[in-house]
Structure formats: C-alpha cells, structure tokens
Visitor: 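Let me begin by handing over the structure; questions about it come next.
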Amino acid sequence: TMADVPIPEGGEEIVFQGTIVEVVHQPMKIGEKKKTFEFARRSPGTRLIIVDNTAAKIILTKEYRTELKGYDYRLPGGKVFDALEEYNEFLDSGKDILEPATERAKIEAREETGIIAEKPEHIHTSVNGATMTWDLFYFVIDKWTISEQELEAGEDIAIEWVSYQQAKEYALSGQMSEDRSVAVLLRWIHNL
C-alpha cells in the first residue's frame, strides 16, 4: 500500500509578496491529518544551449554575478515573466507554460548574446524543490542568425564560443557555478 501523501486542500494564501519572490501557505491533508505547507515561489527562468553544429561549439556567457562577487560562466537566459503578478495571472489561466518560456528564450538569446533564434527546442525543465518553486526551462538553439547584444542596465556579459570539451571543463572545474545548468549541460554533452 502507498503511504499517505500530502494532497492540497483548499486554495493557496500568499502571505508575503515581494518583487521577485512570494511566500505561500497551502493547506494540505495527509491521511486524516491537516497541515499547512509553506513555500517560496518565483517566476521561472530560461537557460539556453546555443549551438554551432558545424564548429561543434556553444555559447557560454561570462558575466558578473553579485551573489558571487565576481565573474562566472553561464548558459545565457533570464526570467520568463518580469513580475510575479504576471506569473500568477498566467498560472490562473491554465495555459501551457512552454509557450511564454519559448518566446522568452528567443528574447533572452537576442538580448544577452545577439543571437536571433529561429526555433528553440525545449529539452528539460529543472524543478528546484518543494520549499522553493523556481523552475528553469532549458532550450537548445541550433538555427539562428547573428545580430547584436541588447544588455540591460547593470548587465556585464561577455560572449564566448567554446568547444564542447571546454564547456565541460568549465562545468566540472567550478568556473560555472549554477549547479542545475552544470548538470543539464553535462548531460546534454554526454548524450551527443
């Protein structure tokens, strides 16, 4: 027999809402018991594996990260929605999240790398966890044309085309610190 698993009972209550993160209480029923689960939620993000198949290279960005107080290699990407209100309205709509995520992948590719993406292919969704909801949607972009970067204020992002081996070395050496992206990138390279 399966153990009693938590089942939502009733609606969520947003107990705090900032610009990027909100704290949510969700009443749950576990067998005969009732409990309130608390979790934080933020708008999902996109991460992009932009590929030049002919040269066997991908784009990594080297960008200044305030949380690291230094530079880090990254897969380019950004938020799917700019505001929590937008994200919550979307959640209430019942629509497929991949539609706005794919559109945002194209926008982030152009802004951060100057790449105009033809058809981003969704390859993975990384779910952060139960107490912090922050999904990352990973896309491969292998059909594109080149334009120019359109960086936002405060963004310091250099573009580097690197071989798959170099990308793997950055990921394994710790020069790329976003662990979810490290895992997805290494899996993608491994499966080539």
Side-chain angles (χ1 to χ4, degrees), residues 1-49 61 63 65-69 72 74-109 111-112 117 119-141 152 154-155 171 174 176-191:
T1 66
M2 197 163 118
D4 289 329
V5 295
I7 298 168
E9 184 174 73
E12 297 178 347
E13 179 192 0
I14 297 171
V15 294
F16 168 79
Q17 189 173 65
T19 308
I20 294 176
V21 175
E22 62 190 7
V23 177
V24 180
H25 285 176
Q26 172 66 62
M28 303 292 269
K29 190 172 180 185
I30 308 166
E32 296 303 312
K33 296 180 183 164
K34 293 181 183 201
K35 186 175 182 180
T36 298
F37 281 26
E38 180 178 277
F39 65 96
R41 175 169 54 211
R42 67 164 286 178
S43 177
T46 61
R47 298 295 182 266
L48 315 173
I49 298 174
T61 56
E63 59 184 271
R65 301 297 302 181
T66 53
E67 73 275 17
L68 300 173
K69 297 176 182 62
D72 189 38
R74 294 279 163 136
L75 291 174
K79 294 190 289 290
V80 174
F81 300 97
D82 288 323
L84 271 171
E85 290 85 3
E86 252 185 283
Y87 179 40
N88 286 334
E89 283 174 22
F90 185 84
L91 287 175
D92 290 341
S93 78
K95 292 180 185 168
D96 184 357
I97 189 85
L98 276 180
E99 289 176 29
T102 302
E103 284 310 303
R104 200 54 192 231
K106 292 177 183 177
I107 292 167
E108 292 297 336
E111 289 178 355
E112 288 200 355
K119 206 168 144 190
E121 177 196 353
H122 176 251
I123 59 161
H124 183 69
T125 300
S126 171
V127 176
N128 198 43
T131 57
M132 177 65 193
T133 301
W134 178 36
D135 296 347
L136 292 178
F137 296 95
Y138 287 83
F139 293 89
V140 170
I141 296 171
E152 293 176 30
E155 286 186 318
M176 176 184 265
S177 70
E178 188 174 61
D179 295 331
R180 294 197 272 170
S181 291
V182 166
V184 173
L185 178 61
L186 289 175
R187 191 182 308 137
W188 180 80
I189 291 169
H190 176 75
N191 288 326

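Computed from a predicted structure; not experimentally measured.
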Visitor: Do R42 and N128 touch side chain to side chain, with heavy atoms closer than 4.5 Å?
Guide: no
Visitor: Would you confirm whether S43, through its side chain, and F81, through its main-chain N or O, come within 3.5 Å as a donor-acceptor pair?
Guide: yes
Visitor: Would you say that L48 contacts E112 through its side chain, given a criterion of any heavy-atom pair below 4.5 Å between the two side chains?
Guide: no
Visitor: With side chain to side chain contact (heavy atoms under 4.5 Å, CB included) as the criterion, how do R180 and W134 come out once you've worked through the C-alpha distance, each side chain's angles and the decisive distance to 0.1 Å?
Guide: CA-CA 11 Å; R180 294 197 272 170; W134 178 36; 3.0 Å; yes
Visitor: Specify the closest pair of heavy atoms between R65 and E63, including all atoms of both residues, with the distance to one decimal.
Guide: NH1-OE1, 3.0 Å
Visitor: Distance from E111 atom CD to R104 atom CZ, nearest 0.5 Å?
Guide: 6.0 Å
Visitor: Could you walk me through whether K79 and E86 pass the salt bridge (Lys or Arg N to Asp or Glu O under 4.0 Å) check?
Guide: CA-CA 12 Å; K79 294 190 289 290; E86 252 185 283; over 6 Å; no
Visitor: Roughly how far apart are T102 OG1 and I141 CD1, rounded to 0.5 Å?
Guide: 9.5 Å
Visitor: When R47 is tested against each of H124, E178, E108 for side chain to side chain contact (heavy atoms under 4.5 Å, CB included), which residue passes?
Guide: E178
Visitor: Using a 4.5 Å cut-off on heavy atoms from C-beta on, say whether the side chain of L84 contacts that of I14.
Guide: no
Visitor: Do the non-hydrogen side-chain atoms of I97 and F90 ever get within less than 4.5 Å of each other?
Guide: yes
Visitor: Is a side-chain N or O of E99 found less than 3.5 angstrom from the main chain of D96, in a donor-acceptor match?
Guide: no
Visitor: Taking the side chain as every heavy atom from C-beta outward, state whether K106 and F139 have any pair of such atoms under 4.5 Å apart.
Guide: no
Visitor: Please check: side-chain N/O of S93 versus main-chain N/O of K95, any donor-acceptor pairing under 3.5 Å?
Guide: yes
Visitor: Quick one: closest heavy-atom pair of L68 and S177, and the distance?
Guide: CD1-OG, 3.3 Å
Visitor: Would you please test I49 and I123 for side chain to side chain contact (heavy atoms under 4.5 Å, CB included) and show each step?
Guide: CA-CA 10 Å; I49 298 174; I123 59 161; 4.0 Å; yes
Visitor: Go through it in stages, so that I can follow the logic: the residues are E12 and R41, the test is side chain to side chain contact (heavy atoms under 4.5 Å, CB included), and I'd like the CA-CA distance, side-chain angles, deciding distance and then a yes or no.
Guide: CA-CA 12 Å; E12 297 178 347; R41 175 169 54 211; 2.9 Å; yes
Visitor: What closest approach, in Å, do A105 and T46 show between heavy atoms, and which atom pair accounts for it?
Guide: N-CG2, 4.1 Å
Visitor: Answer yes or no: is there a side-chain heavy-atom contact under 4.5 Å between V184 and L75?
Guide: no
Visitor: Stepwise, does the side chain to side chain contact (heavy atoms under 4.5 Å, CB included) test hold for T36 with E38?
Guide: CA-CA 7 Å; T36 298; E38 180 178 277; 5.9 Å; no
Visitor: Restricting to non-hydrogen atoms, name the atom on T125 and the atom on F137 that form the minimum distance, rounded to 0.1 Å.
Guide: OG1-CD2, 3.3 Å
Visitor: F39 and T133: which non-hydrogen atoms are nearest, and at how many Å?
Guide: CD1-OG1, 3.6 Å
Visitor: Short question: side chain of Y138, backbone of S181 - any donor-acceptor pair under 3.5 Å?
Guide: yes
Visitor: Rounded to the nearest 0.5 Å, how far does NZ of K34 lie from CE of M28?
Guide: 13.0 Å
Visitor: Between A109 and A117, what is the shortest heavy-atom contact and its length?
Guide: CB-CB, 4.4 Å
Visitor: May I ask you to test the F37-P8 pair for a side-chain heavy-atom distance under 4.5 Å?
Guide: no
Visitor: Do K33 and D4 come within less than 4.5 Å of each other through their side chains, counting heavy atoms only?
Guide: no
